[in-house]
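Written below as structure tokens is the structure these notes are about.
The structure displayed is predicted, hence computed values, not measured ones.
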Amino acid sequence: MKLILLGAPGAGKGTQAEKICEKFNIPAISTGNIIRAALKNGTEMGLKAKSYMEKGQLVPDEVVIGIIKDRLKEDDCKFGFILDGFPRTIPQAQALEDMGIEIDKVVDIEVPDKKITERMSGRRVCSKCANSYHLLYKKPKVEGICDACGGELVQRKDDAPETVQARLVEYHEMTEPLKSFYEKLGKLVIVDGQEEVSDTTKLVFAALED
């Protein structure tokens, strides 16, 4: 089974990728992870990526695609894989098609922007032990204080509402058009993200079995 997971930042793609991995025994391939692995292993594409990253530049599509191509040739991908975080744009999706990689299904996890902002901006992390909390879903016993070590709870910069909203704008502009791309190919299935992770997982598995 060869899958792509789509969804806005904060929609819970990473968690669902893990659940799919466990059920179908296929690897989840995250762009960030494989770029780091390529850098560590000193592959040709990894060295190319490094040259851009050292200059503070974005790694161009052709290099990212080259790294993806190398990763998909590895033995653990023989029986399938999940792509999480790739493709992000129409050119990347087209490049994947041009590589002759036959994707079975594209699962889009839909969560309203308002709900995502609420989820992410409500997160707090202990400045000492890194335990995580949420202002609505996992409150500490004492406001602003970690239950485990008494450290101060802080909001990460990535979770600030303005940062979350900026990432959502980028997603809607660059990545959301992939829904139409894969719908035309007859591969798109849409799952409404639920409050409970387990409920979303049930819907994802049901979509994969259809």
Worked verdict on Q92 versus T89 for side chain to side chain contact (heavy atoms under 4.5 Å, CB included): CA-CA 5 Å; Q92 288 181 351; T89 62; 3.3 Å; yes
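- Salt bridge annotation for E102-K187: present, with a cationic side-chain nitrogen under 4.0 angstrom from a carboxylate oxygen.
- No salt bridge links E170 with R167; every basic N to acidic carboxylate O contact stays at or beyond 4.0 Å.
- For the pair K2 and D104, the salt-bridge criterion is not met [side-chain N within less than 4.0 Å of a carboxylate O].
- Rounding to the nearest 0.5 Å places CZ of R88 at 10.5 Å from CG of L6.
- Separation of atoms CD (E97) and CG (L185) is listed at 5.0 Å; rounding is to 0.5 Å.
- Taking the charged nitrogens against the carboxylate oxygens, R123 and D159 do have a contact shorter than 4.0 Å, which makes a salt bridge.
- Judged by a 6.0 Å distance limit and a 45° cone about the ring axis, K23 is positioned over the six-membered ring of F205.
- Residues C149 and C126 have side chains in contact (heavy-atom distance under 4.5 Å, counting atoms from C-beta outward).
- Ion pair E195/K115 flagged as a salt bridge, since at least one NZ, NE, NH1 or NH2 atom sits closer than 4.0 Å to an Asp/Glu carboxylate oxygen.
- To the nearest 0.5 Å, atoms CD (E196) and NZ (K202) are separated by 10.0 Å.
- Under a hydrophobic clustering in which Ile, Leu, Val, Met, Phe, Trp and Tyr are joined whenever their side-chain heavy atoms come within less than 4.5 Å, directly or via other members, I103 and I90 fall into the same cluster.
- No chain of hydrophobic side-chain contacts below 4.5 Å, direct or via other Ile, Leu, Val, Met, Phe, Trp or Tyr residues, connects V106 to V204.
- The local environment of CD in E110 is crowded, with over 12 non-hydrogen atoms from other residues, nucleotides or ligands closer than 6.0 Å.
- For the atom pair L72 CG and I101 CD1, the distance stands at 4.5 Å (nearest 0.5 Å).
- Nearest heavy atoms, P27 versus C21: C-SG, 3.9 Å.
- Environment of NZ in K48: sparse, with no more than 12 heavy atoms of neighbouring residues, nucleotides or ligands closer than 6.0 Å.
- Linking Ile, Leu, Val, Met, Phe, Trp and Tyr whenever their side-chain heavy atoms come within less than 4.5 Å leaves V154 and I145 in two separate clusters.
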Walk me through it: do K141 and D147 pass the test salt bridge (Lys or Arg N to Asp or Glu O under 4.0 Å)? CA-CA 6 Å; K141 292 174 184 174; D147 294 349; 5.2 Å; no
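- With rounding to the nearest 0.5 Å, the separation of CD in E173 from CG in L168 is 11.5 Å.
- Of the listed residues (I29, D76, L3), just one forms a side chain to side chain contact (heavy atoms under 4.5 Å, CB included) with F81, and that residue is I29.
- A 6.0 Å sphere centred on CZ of F79 holds no more than 12 heavy atoms belonging to other residues, nucleotides or ligands.
- Note that CD1 of I34 and CG of D70 are 9.0 Å apart. Values are rounded to the nearest 0.5 Å.
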Give the intermediate values and the outcome of side chain to side chain contact (heavy atoms under 4.5 Å, CB included) for residues L5 and L83. CA-CA 6 Å; L5 280 185; L83 288 176; over 6 Å; no
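- Residues I116 and P9 have side chains not in contact (no heavy-atom distance under 4.5 Å, counting atoms from C-beta outward).
- Of the possible donor and acceptor atoms, none in the side chain of S121 sits under 3.5 Å from a partner among the backbone N and O of A160.
- Residues A93 and L178 come closest through the heavy atom pair CB-CD2, 3.5 Å.
- Between the side chain of E176 and the main chain of M174, no donor-acceptor pair closer than 3.5 Å is present.
- In this structure, the side chain of K138 engages the main chain of S132 through a donor-acceptor pair within 3.5 Å.
- Contact record, F24 with M1: CE2-CE, 4.0 Å, taken as the closest heavy-atom pair.
- Put simply, the side chain of N131 does not reach to within 4.5 Å of the side chain of V125, judged on heavy atoms.
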If you apply the rule side chain to side chain contact (heavy atoms under 4.5 Å, CB included), what do you find for L188 with I190, and how did you get there? CA-CA 7 Å; L188 182 72; I190 294 176; 4.1 Å; yes
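- Residues A8 and Y171 share a closest heavy-atom pair of N-CZ, 3.6 Å.
- T117 has its side chain out of reach of K114: every pair of non-hydrogen atoms, C-beta onward, lies at least 4.5 Å apart.
- Residues H172 and D113 share a closest heavy-atom pair of NE2-OD2, 2.8 Å.
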C77/R71 under side chain to side chain contact (heavy atoms under 4.5 Å, CB included): CA gap, chis, key distance, verdict: CA-CA 8 Å; C77 293; R71 177 66 182 88; 3.4 Å; yes
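- For the residue pair T201 / Q16, a side-chain donor-acceptor distance below 3.5 Å is found, with atom types taken as modelled.
- Under a 3.5 Å cut-off, the side chain of T200 and the backbone N or O of Q194 do form a donor-acceptor pair.
- In this structure, the side chains of H134 and R124 stay at 4.5 Å or more apart for every pair of heavy atoms.
- Between D61 and P91, the shortest heavy-atom distance links the atoms OD2-CB, 4.0 Å.
- Cluster membership check: I82 does not share its hydrophobic cluster with I68, using side-chain heavy-atom separations under 4.5 Å among Ile, Leu, Val, Met, Phe, Trp and Tyr.
- Residue D98 places its CG atom among more than 12 non-hydrogen atoms of other residues, nucleotides or ligands, all under 6.0 Å distant.
- The closest side-chain heavy-atom distance from I4 to P87 is below 4.5 Å.
- The local environment of NZ in K179 is crowded, with over 12 non-hydrogen atoms from other residues, nucleotides or ligands closer than 6.0 Å.
- Within the 4.5 Å cutoff, no side-chain heavy atoms of F86 are placed close to those of S30.
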